[in-house]
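Proteins get letters first, then strands, A, B, ... in listed order; numbering begins at 1 in each.
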2 protein chains.
Amino acid sequence: MPRTDRRRPRTAPADGPGTRDRLLDTTAHVLSTRGFACTSLTEVARIAGLRPPAVYHYFASKDDLVAAALSAGQQLVRQRVAAAAAAAGPDVRRAVDAMVEAHLRVELDSSAYATAVTRNARHVPPAIAVQLGADSAAFHDVWREVLQRAASEGHLRLGLDARVARMLVVGALNWAAEWYTPRISVDSVVATAQQLVRAGLFQPPHPSGHP
Amino acid sequence: MPRTDRRRPRTAPADGPGTRDRLLDTTAHVLSTRGFACTSLTEVARIAGLRPPAVYHYFASKDDLVAAALSAGQQLVRQRVAAAAAAAGPDVRRAVDAMVEAHLRVELDSSAYATAVTRNARHVPPAIAVQLGADSAAFHDVWREVLQRAASEGHLRLGLDARVARMLVVGALNWAAEWYTPRISVDSVVATAQQLVRAGLFQPPHPSGHP
DNA sequence: GTAATTTTTGAATCTAAGTTAGAGTCATTT
DNA sequence: AAATGACTCTAACTTAGATTCAAAAATTAC
């Protein structure tokens with residue numbers, strides 16, 4: 001069988017005009033609104049303007065599709081938060097403020113991917129959860145590093161378990177996707193969350209001179 | 001004559017009373033570990049030592065069963081938190097400490113019902129979600145009342161949106177069910193959460209005399 | 001143009017799960 | 001002993017949804 005492995009012929013990649021991306025977008029949207037339990041391949045395909053079998057040209061299975069969408073969401077959140085932390089400079093309080101804002105904005109503002117991952121990452125069958133482990137760990141690394149820096153510089157409140165505090169803060173931010181409605185401005189959520197997190201995490205700044 | 005309906009006498013007959021509770025326990029357990037998406041009537045029945053149809057003697061449908069378990073969980077959390085708030089007396093800081101502790105202990109310590117509701121309440125089909133609305137609202141009323149008292153007494157940080165702050169705090173507590181493992185002591189989670197919430201929510205106490 | 005390849009589909013298969021129907025067992029009552 | 005009602009079973013029905021597959025449409029290469 002001489003297979004004419006001359007596939008992948010030429011200019012544009014073999015994919016259709018963004019069909020794959022459209023499927024991912026639709027998946028993220030359905031996941032973020034209906035939740036994993038009520039997300040079906042059939043409905044995703046229908047919304048994307050396709051019949052269910054067409055999905056299998058781009059993804060090996062439903063789990064693959066969902067995992068790809070959630071992974072993209074987790075990476076998006078991590079990138080935004082990491083970028084915000086990096087841009088904030090050496091001041092850890094400023095860094096935490098920036099990370100809180102970045103997390104909330106990407107989660108509440110625009111991206112169905114971000115909402116999809118925060119709402120569904122922990123409610124997904126094991127096969128998918130495993131694939132998300134690395135992405136999730138990378139995201140937590142960003143927070144861990146900043147809080148470790150804060151601890152070593154003596155800014156954290158005494159008696160605060162840094163790991164537990166991190167999980168609580170991330171939890172508060174993640175849970176926002178469950179209750180946020182556009183009737184509340186994102187700005188006010190950001191402002192309140194920043195105040196809460198900063199005051200909760202850090203030693204009160206010394207009003208007078210040195211430590 | 002179709003068949004000799006003299007099949008074998010089933011040995012394990014009526015467990016009678018307690019079966020309904022056992023079904024609820026099992027449902028709460030499966031919900032809290034696998035999540036709603038992976039919870040099936042069939043498996044719940046099997047773990048409870050029954051065949052699926054037997055469930056219908058106690059509950060009208062799968063939705064009914066799940067709603068009953070989640071409702072019980074939500075009421076349990078509300079009762080514990082309300083009792084803690086009531087027992088704490090007039091000091092709002094003390095009340096918030098007590099509510100944080102009560103919430104975390106019932107969620108992390110013993111009750112599969114509490115974990116089930118915090119993990120699944122927002123990931124359930126609309127028919128069930130509606131039934132949970134009242135329970136959830138009653139729970140939030142407890143927090144709302146205490147924070148309103150704190151605000152009217154001038155203890156809350158300035159510029160803090162009380163509603164947003166409440167949702168963030170409750171979110172941090174709820175999310176704990178997602179990451180907690182027995183390797184961490186509940187005590188340390190409680191202590192860190194109390195510190196975080198109290199410092200985040202309240203004006204720093206005046207070290208010297210009066211306000 | 002035709003051939004090759006990519007993309008999509010209709011139709012069928014397969015599986016898991018919720019549900020219904022009807023009958024059997026048991027403890028208790030009368 | 002007969003009757004009743006509570007409880008559970010087996011068997012079958014039904015549906016929804018994921019998946020497979022061969023073939024049609026659309027696109028691209030030559």
Item to complete: Ignoring the backbone of A:Ser40, work out which of D:dC7, C:dA21, D:dG17 is nearest its side chain.
Response: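 The listed nucleotide nearest to A:Ser40's side chain is D:dG17.
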Within this structure, what is the [atom1]-to-[atom2] distance between [X] and [N], rounded to whole angstrom?
X	N	atom1	atom2	result
A:Arg46	C:dT8	CZ	C1'	18 Å
B:Leu50	C:dG18	CG	C1'	16 Å
B:Leu41	C:dG18	CG	C1'	7 Å
A:Asp64	D:dT19	CG	C1'	14 Å
A:Lys62	D:dA16	NZ	C1'	11 Å
A:Phe59	D:dT19	CZ	P	13 Å
A:Leu65	D:dG17	CG	P	15 Å
B:Arg51	C:dG22	CZ	C1'	18 Å

Counting only side-chain N and O atoms of [X], is one of them less than 4.0 Å from OP1 or OP2 of [N]?
X	N	value
B:Thr42	C:dG18	yes
A:Thr19	C:dT8	yes
A:Tyr56	C:dT9	no
B:His57	D:dT8	no

[X]/[Y] ion pair, N-O < 4.0 Å:
X	Y	result
B:Asp141	B:Arg144	yes
B:Asp135	B:Arg78	no
B:Asp91	B:Arg149	no

Worksheet entry | Centroid separation A:Phe139 to A:His103 less than 6.0 Å |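 Ring centres of A:His103 and A:Phe139 closer than 6.0 Å.
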Item to complete: Scan B:Ala54 against the nucleic acid and name what it touches under 4.0 Å (heavy atoms): base, sugar-phosphate only, or nothing.
Response: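 Sugar-phosphate, backbone atoms only, no base.
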Item to complete: Decide yes or no on side chain to side chain donor-acceptor pair (under 3.5 Å) for B:Gln75 and B:Ser71, but give the supporting numbers first.
Response: CA-CA 6 Å; B:Gln75 289 179 37; B:Ser71 179; 3.1 Å; yes
